[in-house]
Each structure stands twice: as structure tokens, then as C-alpha cells.
Number of protein chains: 2
Amino acid sequence: MKTAAAPAEEQIDVSTHYIRDSIRDAIVDRRLAPGTKLSEADVGALFNVSRTLVRGALQALSYEGLVNVEKNRGAFVAYPSPEEARQIFATRRMIEPGILREAAKHMGPSHFQHLRQLLMEEGRLMNERGQTARRAEIKASGDFHLILASMTGNAVMQRFMDELVARSSLVIALYGQSAISSCGHQEHQDIVTAIECGDSDRACHLMIHHIDHIEKDLDMRENKGSDLKEAFRL
Amino acid sequence: MKTAAAPAEEQIDVSTHYIRDSIRDAIVDRRLAPGTKLSEADVGALFNVSRTLVRGALQALSYEGLVNVEKNRGAFVAYPSPEEARQIFATRRMIEPGILREAAKHMGPSHFQHLRQLLMEEGRLMNERGQTARRAEIKASGDFHLILASMTGNAVMQRFMDELVARSSLVIALYGQSAISSCGHQEHQDIVTAIECGDSDRACHLMIHHIDHIEKDLDMRENKGSDLKEAFRL
DNA sequence: ATTGGTGAAATTGTATACGATCGAGTGCTG
DNA sequence: CAGCACTCGATCGTATACAATTTCACCAAT
């Protein structure tokens, strides 16, 4: 699947957006490890476009915090420091309760059904084996938070959450240890239940603890087996 | 102050960042009206750089929501719709209480002094006349919220607030009517007092009402004297 | 007078060219 | 053999060239 024998895949209209989204997916899906260099020429060759478009995509990703662009050195998949990681989770604790309350105002039966369905899927994946199921599970667990955000009907807030969830995924890839705290799934369910009962205070409380748990499950000692170079670069 | 008789100003190292910041300042300061077209060639000529750099800056600003880039048509100073405006303020109501609580944890006497000083300045500007004082007052009133955000020590959150305050400024430029609700200043003071008293709940309450007041002071009927074109563009 | 079409001018989209900077390896020197 | 300066290759930064698209003016026809 390198380059040559790709028969009919070349007809996609490859724009900056397409490249950005492709790379973002790869990062969030952990097919690109933190610290990986994204050379403009290499990426351009992959998508058969010039460096111009690639640069645009990389710049966009750097705004989202998924890529670090170092002057005259190139772009690298972000390698969030422990401090950065803490700030990301702290931010989530600051805003997700607000999202919850706002979302609750807009939710009807169909929304709850949607959420329950997502939780079912999440539970199913949890009991499966394999790399693919693991990835899907992680994605689903992020989607839970994103869908809640979408239920506020607020595009501005949704974009913030998109960024936060994506960066969280990077952090977990870097510092996560246990096989995803399976309590996360239970906590998601509890939150939905609390909302359904109209107990927003309790839902917020649960949400904050949930985020706490995710963060507590990380081992944020510096240098996860890696690069002294990166450690001292900036 | 157009172009010609500028004796020794040309030695600035003009990068994408510099252009982006310059344009952002101009937008937030309302020297560039919403809807203004930002032609790549024109901007490039202004800064004596090629379109390449300008495009980078405009892309960045579009990510911040201050500029809309329309394919094959160009970049325009954002012209937030009433719906967008509502979402911006709704987002602020969702996150600023969280910021307040977090900031309160980190605040010592020096921080309060800093805030009080800002409030003094704000009050002074309020009693001055003239366009310049007005601009400075608007800026100061935004800075109040930004400084609170900075006191969380959280760079991620701070970036979000930067964006929200900048976009709010655009919205106010578009839909604002009264000579800035002078009650805003009083409300800022009350918020600081509440924090100082350790009454975070009250501070949050005040903050939400404060944001409400700002929003209530807008007249968001569509078409502020303008463009059918813009209305149907997207 | 309004509508519709045609072509030139202006503007953006993308690729390429060239200069600048960084990093690694090489060879010289102490 | 260690240390340092230097050169060379690779990669990035910026400008420019060319293609694609839109806009606008002009004119004909209803």
C-alpha cells in the first residue's frame, strides 16, 4: 500500500482541508506517534500536492495544538508537556460543567436515545479484543463528550471541545498507562442518568470527577522513554 | 500617515505573525469595519511582502473567527450573524464562571491590586471624551476579562478567552447601540469585590449577569443598514 | 429600462524557484 | 584520540509564475 499499485484512488480533490483532516485523524487515531516529524516534502509526496498546500495544513494543525511547527526545523506531531496536559484537563473541568447545564436545557427524548445508543456501542467495544477495537473505544469515549457539546447547539463551544478532546487523545497516547480505565464507561452512563433525572448539579459533579479520573490515570513523569533531544529543544 | 513620508519605519522584520497581529489589532480596535475586504495583494503591498505571507496571516485570522475566507473570492473582516453573536456570548456564560472559580484559587494580594488598578484606569477613561478614549475604554473592558483568565495560569483557556473577547468586540462594533453601558464598569468592580470576599458563588452570578447585560445592550436585528449580498452569501 | 450574455481585468489557488538556515559528517589540528 | 571549523545535503522561508475562477463593464435583445 505504498504508492505504486494504487489503482483508482487518485481522483480525490485534495485540498488543504483534506490534508489537514487526514493528518488530524491519523494523530487522534494514534497512527502517528507524538514527536513524529511531518516533513513538508514527504507529506506533499504522499498526497501528490506541492508544499504550499501542506504548509497550510500544518499551520492549521498547529493552531489546533496538534502539531508544533519549529522555525526552520519543521513540523512535528505535538508532544504535550505534562504541564500542557494538566492545563488541557483543567480547561475541560472549567468548561464541561457549563456545557452539561446548557445541553440539558436543549435535550429531549431523542437526544437521550442518541446518547444511550452511543453508550451501548462503547460498552460493546469494551468487551472486544484487538487494536482496532481499542482505537474505536477511545474514539467513542471522546465522542461522548463531543456529542454532549453538540447538544448545546453552540458551534463556537463545539469547536473548543473538538480541540480539547483531540489534544486529550494525544496526551493519553503519551502518558496513558492502564488499559483505559473501564470505569470511564460507567461514569458516562451515570452522567446521562443524572441529566435524565434533571439533577444537573449531580451531573456536573460526576463530570468533574470523571475528568479527574482520566487525568489520574496518567503517568506524567517526563520523558516517556524518549528523546532527550525533544526534552531540551524548547 | 499613508505610505510615502514614512522615514525610518521600514526596518521591521515583517513576518506572518506581525501581519496577523497588526490586522487583528486593527479589527479589534475597529479601524477595520466588519465586511471589509482584505485583498491579498493590497495587504501585501501595505507591508511590503508577498501574498504568501499575507495568506498565512489571513488563514490564521480565519481560524480565530475574525476573518472569513471565501473560496475564490477573498478574505473579509468577519461579519458575525446574530446567531453567531448569541453563541459567542452563550459560550462566555458557559466558561467564565469556571474561570472565575479557578482564578480565585490562584489570586493573592498582588493580583487584586493589579485588578483594582485596571478598574481605576477603566473608570478614568469612562469620564473622558473622544474617539480615542472610547477605544481605550472598550479595550480596557475586554482586558478585565482577559486578565481574569490569565490569573488561572492556564494558557489553553487564555487562548480561548482571547478569541472570545476579540470576537465579542466585533459583535459589539456591529450591533452595539448605547454608548457603552457604563454599568459595565460598576459590574466589574462588584465582581472583584465578591472574589475578594471569598464569595465565588456570588462572583459567578454577577459575571453571568454582566455578560447578559452586554448582550442585552445589542440590537441584533439583521442587516445593520447593509448588504443583501452578505445576507445570502453563505 | 431590465435582462442576459460575452470577454477582459482583477483576484485567488497552486506549483515551482531560489535563497536561508540547520544538522550531520568530514577532515584538520592540538 | 578529542575537539573544533568547515562543507555539503536536506529542509524550511519567501517570492514569483502560471492556472483557475470570479467580477465587472459593455452591449445586444426583449
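Values reported hereafter were calculated over all heavy atoms of this structure, with side chains retained and with hydrogens, waters and symmetry mates removed. Lettering follows sequence order; numbering is per chain, from 1. Keep in mind that what you see is a predicted model, and the values were worked out from it rather than measured.
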Contacts satisfying ring pair (Phe, Tyr, Trp, His ring centres under 6.0 Å) that involve residues 51-74 of chain B (not counting sequence neighbours) are A/Y63-B/Y63

B/S141 OG to B/L125 CG distance, which is reported to the nearest 0.5 Å
10.5 Å

Are OP1 or OP2 of C/dA15 and a side-chain N or O of A/S50 less than 4.0 angstrom apart?
yes

Would you say B/Q87 and B/E83 are linked by a side-chain donor-acceptor pair, where the criterion is simply a distance under 3.5 Å?
yes

Report yes or no: do B/N68 and B/S62 form a side-chain donor-acceptor pair below 3.5 Å?
no

Heavy atoms within less than 4.0 Å of DNA chain D: which residues of residues 15-27 of chain A have one? Give them sorted by number.
none

I want to know whether A/H188 and A/H145 have ring centres closer than 6.0 Å.
yes

Between atom CG in A/L53 and atom C1' in D/dA19, what is the gap in whole Å?
14 Å

For every nucleotide of nucleotides 6-12 of chain D, 5' to 3': is a protein heavy atom under 4.0 Å from its base (B), only from its sugar-phosphate (S), or from neither (-)?
-----SB

Take the angle between the ring planes of B/F160 and A/F160 and call it parallel below 30°, perpendicular above 60°, tilted in between.
parallel

For A/E122 versus A/A140, what's the shortest heavy-atom pair and its separation?
CG-CB, 4.2 Å

Less than 4.0 angstrom from a charged side-chain N to a carboxylate O is my criterion; do A/R159 and A/D162 meet it?
no

